[in-house]
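Read the structure below first, then the notes.
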Amino acid sequence: MKNRAIAELFERIADMMEIQGESSFRVNAYRRGAQALESLQEDVARLRDEERLREVPGIGEGMAARIVEFLDTGRVSQHDDLLKKVPEGLLELRHVGGLGPKTLAMLHDKLKITGREDLVKALEAGKLDGLPGMGEKKIENLKKNLAFQAEASGRVALGVAWPMIEEIMELLGAKVKVMQLSPAGSLRRMRETVGDLDLLAATTRPEAALEAFVKLPMVQRVLGHGDTKASVVMEGGLQVDLRAVPPESYGAALQYFTGSREHNVRLREMARKVGLKINEYGVFKGEERVAGDTEESVYASLGLPWIPPEMREDRGEIDAALENRLPKLIELSDMRADLHCHTKASDGELTIEQLADEAIKRGYKYAAVTDHSASAGYAGGLQPARLLKHIEAIHAFNKTQNKIHLLAGTESDIRADGSLDYPDELLARLDWVVASIHSSFTKDPTGRLIKALEHPATCVLGHPTGRLILEREGYELDWDALFQAAVRTGKAIEINANYHRLDLDDVRARQASGMGIPILINTDMHRADNFDQMKFGIGVARRAWLTAADVVNTWEWKKFEAWRKKVKRD
DNA sequence: GCCGTTTTCGGCCCGACTGTTTTCAGTCG
């Protein structure tokens with residue numbers, strides 16, 4: 001699967017062309033092409049085989065040829081040619097704050113800077129003094145930003161950013177009377193990682209809001225502080241931007257700062273064609289302001305229904321909105337169950353009873369106890385005798401109350417040979433089997449997952465790629481083969497809602513569901529508060545355009561039971 | 001480089017902030 005690799009290559013080509021002073025339109029064309037490849041659900045190699053590359057919006061004659069070249073030879077000659085003119089090290093400097101393409105080109109030209117080391121030396125030697133556009137402050141900032149980048153953490157996981165923005169909003173809300181306060185940006189779109197936090201305030205006194213913001217206790221450094229906008233770096237290195245707008249512009253600003261950039265560009269192109277102009281203050285016809293107090297009004301001015309933030313990625317949502325076929329996205333309140341939960345029996349913290357209580361608190365009607373299996377020694381996996389007792393205990397608990405149905409299940413390791421981790425007769429006694437790979441990641445994962453799907457006892461694949469966000473790439477899978485096996489067997493695939501995993505991801509979940517594969521959203525909880533990560537799984541599902549009907553654990557108990565009995569064929 | 005209910009050529013989103021500038025370029029989102 002080369003989609004990502006080619007997307008990254010196109011990004012690099014765009015960066016290098018920019019430094020070369022190429023037309024920004026050509027540069028943007030490459031960025032659009034990269035974005036298109038990244039959102040692509042199909043394998044780009046297959047598109048090529050079927051001569052359908054040109055059908056992808058943003059891929060024209062030129063980029064199609066480069067994709068073909070890469071697939072055939074593993075290289076793109078244009079990229080290699082550019083690398084001869086723009087050193088690799090220069091590209092990395094592109095991400096240092098304040099260093100854009102123009103400055104880099106100038107530094108390369110005048111000082112023969114080819115990378116970070118060169119730049120640090122040149123700065124120490126005072127060689128930047130007197131260069132065009134290089135004043136005292138700029139050089140000072142450059143030194144700071146270089147040092148800062150060296151220790152900066154980069155992107156953070158959604159689940160890390162979430163509580164931070166909640167805390168900031170609470171502190172800010174208590175200090176200043178703002179009319180409305182909302183997260184925006186990739187956080188509001190529920191992207192799996194975020195590079196910074198965007199916050200929007202609607203207020204008649206922007207200066208007070210910004211002043212309070214830059215003085216929040218967790219602010220480490222103020223990057224900028226103007227009349228309507230301030231940027232700071234929080235403890236831990238995460239950048240947070242606050243934008244303050246007048247209340248009548250709140251909708252337009254929220255729309256604008258939620259993005260994505262690609263989505264917004266599309267909207268503004270549409271606006272231009274009908275003689276409107278959209279900016280963060282509203283929608284304008286000439287001088288006249290025709291919309292902008294709410295997001296709905298902005299979309300309505302283009303003849304569109306409101307589009308949920310999670311869909312705003314320029315992945316076809318605007319066409320869908322135009323044709324009035326936006327799905328009614330799943331919501332957290334639709335969830336009736338969590339079907340991947342651990343207890344004290346293996347490596348969880350709660351007893352069966354406590355687990356049930358916590359599930360009931362969240363409004364669930366059923367849940368599955370899925371402790372680790374025999375060979376999962378690292379996680380206190382249950383040997384067969386203990387599992388038998390565990391099953392009995394769970395079934396006994398069900399008889400003591402009628403608020404919730406607990407399923408006696410397992411999260412069975414998929415062993416290196418693709419077999420499940422208990423004898424068939426024991427698996428047959430379980431109500432529910434989640435099958436997951438936890439070891440031997442490189443040993444034919446596709447084949448093992450398919451074999452696990454084909455086992456009659458298996459109900460669902462847990463965290464199918466094994467990835468850990470920002471830590472570990474998932475194993476390479478043959479998605480076509482895997483999804484076809486899921487379709488053939490009727491089994492489900494999980495969106496693991498733990499924010500370290502979010503596995504399936506949005507693109508794959510959309511593809512799987514589109515093929516008719518039942519999707520589950522589970523937290524894989526080990527502690528009570530893990531249950532609250534369900535919202536991140538819902539975020540992935542919404543980004544995948546899923547409705548409640550697409551997700552098995554929104555179903556009523558009776559419907560679920562009928563499905564479960566059909567799927568689990570012992 | 002891509003694209004077409006105004007176009008196969010001529011367009012391509014828009015504004016804030018900073019710093020180096022006497023009127024604007026570069027960067028960023």
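Here is how names work: the chains are called A, B, and so on, in the same order as the sequence lines, proteins then strands, and each is numbered from 1.
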Under the side chain to side chain donor-acceptor pair (under 3.5 Å) rule, collect the residues that match up with Asp109(A), sequence neighbours excluded. none
Between Asp80(A) and Ser77(A), do the side chains contain an N or O donor and an N or O acceptor separated by less than 3.5 Å? no
Taken in chain and number order and not counting sequence neighbours, the residues that satisfy side-chain contact (heavy atoms from CB on, under 4.5 Å) with Ser231(A) are Leu223(A), Lys229(A), Gln239(A), Asp241(A)
Counting only side-chain heavy atoms from C-beta out, which of dG1(B), dA16(B), dT20(B) sits nearest to Lys137(A)? dT20(B)
Are there over 12 heavy-atom neighbours, none belonging to Glu136(A), within less than 6.0 Å of that residue's CD? no
Strand partner of dC17(B), provided both Watson-Crick or wobble distances fall under 3.5 Å: dG26(B)
Nearest-angstrom distance from the residue atom CG of Asp129(A) to P of dG19(B): 17 Å
Touch class at under 4.0 angstrom, heavy-atom based, for Ile278(A) against every strand present: sugar-phosphate
Would you classify Arg243(A) as touching base, sugar-phosphate or nothing, given that sugar-phosphate means primed atoms plus P, OP1 and OP2, and contacts are heavy atoms under 4.0 Å? sugar-phosphate
Mind checking if Asn264(A) touches a base, just sugar-phosphate, or nothing, with heavy atoms under 4.0 Å? nothing
Annotated protein contacts, base or backbone, on nucleotides 24-29 of chain B with a non-hydrogen cut-off under 4.0 Å, one of B, S, - each: --SSSB
Could I get a table of every N or O pair under 3.5 Å where one atom is in the protein and the other is in nucleotides 3-6 of chain B?
{"unit_1": "dC3(B)", "atom_1": "OP1", "unit_2": "Gly58(A)", "atom_2": "N", "d": "2.7"}

side-chain contact (heavy atoms from CB on, under 4.5 Å) partners for Phe536(A), two or more places apart: Leu158(A), Trp162(A), Met190(A), Tyr499(A), Leu502(A), Gln533(A)
Kindly write out the residues that satisfy side chain to side chain donor-acceptor pair (under 3.5 Å) with Glu313(A), not counting sequence neighbours, or none if the list is empty. Arg189(A), Arg543(A)
Checking all strands, does Arg66(A) fall into the base, sugar-phosphate, or nothing category for heavy-atom contacts under 4.0 angstrom? sugar-phosphate
Can you confirm whether more than 12 heavy atoms, excluding those of Arg4(A), are under 6.0 Å from its CZ atom? no
Taking any heavy-atom pair under 4.0 Å as a contact, classify Asn28(A): base, sugar-phosphate, or nothing. nothing
Over how many whole Å does the gap from Leu82(A) atom CG to dG1(B) atom P extend? 10 Å
